[in-house]
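These notes concern the structure reproduced below.
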Amino acid sequence: MKFTRKNILGIADLSREEIEGILETALMFSEVNTRAIKKVPTLRGRTVINVFFENSTRTRTSFELAGKRLSADVVNFTSSSSALSKGESLLDTAKNLAAMQPDILVCRHSCAGASHILARYLQSTSVINAGDGSHEHPSQALLDMMTVLKVRKKVDGLRVAIVGDISHSRVARSNIYCFQKMGASVSVVGPASMMPSAIKDLGVDVHYNLKQGIEGADIIMMLRIQMERIKQSPFPSLREYSRYFGLNLETIKTLKKDALIMHPGPVNRGVEIDPGIADGPYSVILDQVTNGVAVRMALLYLLSNAQSMNL
Ligand code: CP
């Protein structure tokens with residue numbers, strides 16, 4: 001695959017061939033992550049700036065590790081200690097960072113479309129969307145896909161159930177696009193108050209009952225309730241939510257024997273998932289995190305390569 005994109009803004013933009021190409025590259029880099037010395041000189045002299053306007057544990061750390069393992073110089077920008085507090089806008093912040101000539105900006109922002117705006121204005125810096133509001137989280141969907149492919153080898157024909165706060169989840173949206181492009185069928189499951197009104201337009205089946213929604217599924221992806229994006233509680237109490245939509249030891253009795261349980265993190269144990277399931281034999285939650293480093297190495301490498309080809 002000849003990867004020529006300048007930016008990675010969403011899975012909606014990518015073809016199946018591009019997704020497969022990114023995952024093949026990630027598989028190649030995952031070997032580096034098992035070595036005693038986890039470093040290769042591939043991106044020596046390149047600069048990556050992580051520009052995170054929202055909190056993150058997994059995404060920011062793994063982009064930083066990915067850059068460092070490829071020998072790039074990695075700088076972490078934290079909005080709380082920046083000139084944003086003096087009134088500087090997102091775009092001015094990004095233009096000033098770009099004026100220092102980094103090769104790649106990795107951006108997380110609470111507003112949908114923030115990375116798209118940066119990509120439009122930054123001529124010679126690539127932008128990776130590390131999560132924009134409730135819109136997309138492409139590197140998460142790619143690492144989820146890599147996790148499934150490592151176990152199941154093939155995604156065509158699989159049945160995926162995404163459970164929880166679908167309305168506010170960028171992970172749900174990116175995974176719906178990604179699994180469909182790779183040939184899986186996707187169901188979404190959750191309370192009506194957490195389901196976008198036009199969700200059927202994405203070609204998914206919609207369920208409001210957990211048992212029915214996960215019946216026969218090969219992949220069950222549990223989501224956390226995105227409290228930071230919710231103004232008015234969409235259910236009477238957390239206990240009630242957990243009772244009807246939390247995955248517990250009773251509900252998993254009906255799962256297929258080879259089903260995989262996924263969660264993008266952070267996990268709210270005892271709310272959307274029982275701790276025994278999060279740590280149990282069906283769970284691939286920590287494999288998702290491990291694969292995240294390799295996927296992000298692949299994205300940094302492919303964008304840098306595309307920049308060199310377009311010089
Ligand atoms: N999955 C995910 O985006 O986690 P973080 O918020 O910790 O980056």
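Quick caveat, the model's predicted, so the values are computed rather than measured. Ligands are counted one by one from 1 in listed order, and the atoms in each one are counted from 1 as well.
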Just distance, no hydrogens or angles: give the donor-acceptor pairs under 3.5 Å from side chains in residues 161-171, sequence neighbours left out.
unit_1 : atom_1 : unit_2 : atom_2 : d
Asp165 : OD1    : His168 : N      : 3.3
Asp165 : OD1    : His168 : ND1    : 2.9
Asp165 : OD2    : His168 : ND1    : 3.2
Asp165 : OD2    : Gln226 : N      : 2.9
Ser167 : OG     : Met194 : O      : 3.2
Ser167 : OG     : Met195 : N      : 3.4
Ser169 : OG     : Val171 : N      : 3.3
Ser169 : OG     : Ala172 : N      : 2.9
Arg170 : NH1    : Glu54  : OE1    : 3.1
Arg170 : NH1    : Gly133 : O      : 3.1
Arg170 : NH2    : Glu54  : OE1    : 3.0

Side-chain donor-acceptor distances from residues 114-123 under 3.5 Å, at least two apart:
none

Problem set entry | Derivation of the salt bridge (Lys or Arg N to Asp or Glu O under 4.0 Å) call for Asp279 and Arg269 | CA-CA 10 Å; Asp279 301 327; Arg269 288 168 181 257; 2.9 Å; yes
Problem set entry | Pairing of Arg16 and Asp156 as salt bridge, 4.0 angstrom limit | yes
For this session: Keeping to residues at least two apart or across chains, list the salt bridge (Lys or Arg N to Asp or Glu O under 4.0 Å) pairs with something in residues 208-226.
Result: Arg152-Asp218, Asp218-Lys256, Arg224-Glu228
List, pair by pair, the atoms of ligand 1 and of the protein that are both N or O and lie under 3.5 Å apart, giving the separation rounded to 0.1 Å.
unit_1   : atom_1 : unit_2 : atom_2 : d
ligand 1 : 1 (N)  : Gln140 : OE1    : 3.0
ligand 1 : 1 (N)  : Pro264 : O      : 2.8
ligand 1 : 1 (N)  : Gly265 : O      : 3.4
ligand 1 : 3 (O)  : Thr59  : OG1    : 3.0
ligand 1 : 3 (O)  : Arg108 : NH2    : 2.9
ligand 1 : 3 (O)  : His137 : NE2    : 2.9
ligand 1 : 4 (O)  : Arg58  : NE     : 3.0
ligand 1 : 6 (O)  : Arg108 : NH1    : 2.9
ligand 1 : 7 (O)  : Thr57  : N      : 2.7
ligand 1 : 7 (O)  : Arg58  : N      : 2.9
ligand 1 : 7 (O)  : Arg58  : NE     : 3.1
ligand 1 : 7 (O)  : Arg58  : NH2    : 3.0
ligand 1 : 8 (O)  : Ser56  : OG     : 2.6
ligand 1 : 8 (O)  : Thr59  : N      : 2.9
ligand 1 : 8 (O)  : Thr59  : OG1    : 2.6
ligand 1 : 8 (O)  : Arg108 : NH1    : 3.4
ligand 1 : 8 (O)  : Arg108 : NH2    : 3.3

For this session: Could you tell me whether Arg108 sits above the aromatic face of Phe52, with NZ or CZ closer than 6.0 angstrom to the six-membered ring centre and within 45 degrees of the axis?
Result: no
